[in-house]
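Notes for the one structure printed next.
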Amino acid sequence: MKLFIGYASTEGQTRKIARHLMDRLVDLGHSVELAALAEAGPVDLTRFDAAVLGASVHIGHYQSVLSDFAEAHADALAAMPTLLLSVSLAAAGHDAEDWRGLETILSDFTQATGWTPGQVVQVAGAYEPSKYDVFRRFVMRRIIAAKDPEADLDWDKEYTDWDDLNAQMDTWIASHAA
Ligand SMILES: Cc1cc2nc3c(=O)[nH]c(=O)nc-3n(C[C@H](O)[C@H](O)[C@H](O)COP(=O)(O)O)c2cc1C
């Protein structure tokens with residue numbers, strides 16, 4: 001299959017995830033075009049058999065570049081297999097309220113853009129104080145201290161479950177590549 005992977009990433013974890021999935025899909029024999037949505041320019045999705053879009057949650061929203069892309073390509077996306085990678089720290093835990101929040105973010109996004117992803121994968125992201133400014137470091141330290149008492153707040157910590165991500169991606173691609 002020929003796949004388009006487009007992503008938005010503020011601190012870099014979604015970019016890392018998108019690159020990982022590209023490598024995995026290429027290893028499985030697929031052809032992949034990877035693009036940072038902020039730099040992609042015009043994209044003709046009809047050249048592809050399927051699309052994976054990824055973005056991360058910051059203060060309750062995905063990056064606007066994802067919403068803009070999804071809205072502009074809603075018809076093309078609706079006509080092909082699609083998967084949304086929703087990267088957040090809420091997905092790193094089991095807090096019911098956090099997960100309801102992710103559902104709300106997703107439903108706001110689908111309503112605003114007119115695109116409903118064929119599949120959504122909620123991916124745990126990373127805590128990266130080394131990349132935050134003073135304000136973000138302050139806010140994120142408090143959030144992580146509450147969520148993950150074992151975390152060393154001075155150090156970056158990745159919560160992404162790569163095996164689970166691989167398994168979900170493999171199932172999705174197998175169901176469409178047949
Ligand atoms: C300023 C800021 C706000 C964030 N807001 C949320 C949030 O509202 N909900 C959430 O689950 N995660 C939130 N996160 C965590 C990010 O989604 C997580 O760090 C993710 O890995 C970032 O991905 P990226 O590096 O691709 O941008 C926030 C992170 C930062 C730095």
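What you are looking at is a predicted structure, and each value in this text was computed from that prediction instead of being measured. Just so you know, ligand 1 is whichever comes first in the structure, and atom 1 is the first atom listed for that ligand.
- On a distance-only criterion, R136 and ligand 1 share no N/O pair closer than 3.5 Å.
- The protein atom (non-hydrogen) at minimum distance from atom 31 (C) of ligand 1 is Y132 CE2, 3.5 Å.
- Of all protein heavy atoms, the one lying nearest to atom 8 (O) of ligand 1 is G60 N, 3.0 Å.
- The protein atom (non-hydrogen) at minimum distance from atom 23 (O) of ligand 1 is S56 CB, 3.1 Å.
- The ligand atoms of ligand 1 that sit less than 4.0 angstrom from a heavy atom of G12 are 24 (P), 25 (O), 26 (O).
- Between A126 and ligand 1, at least one N/O pair is under 3.5 Å apart.
- The closest side-chain heavy-atom distance from L66 to L84 is below 4.5 Å.
- At a cut-off of 3.5 Å, with distance as the only test, no side-chain donor of S67 or Y62 sits close to an acceptor on the other residue.
- A salt bridge links R24 with D170: at least one charged nitrogen is closer than 4.0 Å to a carboxylate oxygen.
- With ligand atoms numbered from 1 in the order given, ligand 1 contributes 22 (C), 24 (P), 25 (O), 27 (O), 31 (C) to contacts under 4.0 Å with heavy atoms of E11.
- Neither the backbone nor the side chain of Y127 has any atom closer than 4.0 Å to an atom of ligand 1 (non-hydrogen atoms only).
- For ligand 1, the polar-atom distance check against A91 finds no nitrogen or oxygen pair separated by under 3.5 Å.
- Taking distance alone, with nitrogen or oxygen atoms compared against 3.5 Å, G125 stays at or beyond that limit from ligand 1.
- Placement of V65 and L45 within a single hydrophobic cluster is found when ILVMFWY residues are connected by side-chain heavy-atom separations under 4.5 Å, directly or transitively.
- Q13 and S56 are not linked by any side-chain donor-acceptor pair at a separation below 3.5 angstrom, with hydrogens and angles left out of the test.
- For the pair T10 and ligand 1, the shortest N or O to N or O distance falls below 3.5 Å.
- Counting only heavy atoms of the protein, atom 12 (N) of ligand 1 lies nearest to L89 N, 3.3 Å.
- In this structure, the protein non-hydrogen atom closest to atom 3 (C) of ligand 1 is I59 N, 3.7 Å.
- Scanning the protein heavy atoms around atom 30 (C) of ligand 1, the nearest turns out to be H58 CD2, 3.4 Å.
- Near T14, with a cut-off below 4.0 Å to any heavy atom, the atoms of ligand 1 are 23 (O), 24 (P), 26 (O).
- At least one side-chain heavy atom of Q122 sits under 4.5 Å from a side-chain heavy atom of W99.
- For ligand 1, one of its N or O atoms has an N or O atom of A90 under 3.5 Å away.
- Judged purely by distance below 3.5 Å, without hydrogens or angles, the side chains of Y159 and D148 pair a donor atom with an acceptor atom.
- At the shortest separation from atom 6 (C) of ligand 1 among protein heavy atoms lies V57 O, 3.4 Å.
- For D27, the CG atom is densely surrounded, since the number of other residues' heavy atoms within 6.0 Å is greater than 12.
- Other residues, nucleotides and ligands contribute more than 12 heavy atoms inside 6.0 Å of the NE2 atom of H30.
- By the 3.5 Å distance cut-off applied to N or O atoms, A8 is not counted among the residues near ligand 1.
- Contact detail for L37 and A8: the closest heavy-atom pair is CD1-N, 4.5 Å.
- Ring planes of F69 and F4: parallel class, angle under 30° (limits at 30 and 60°).
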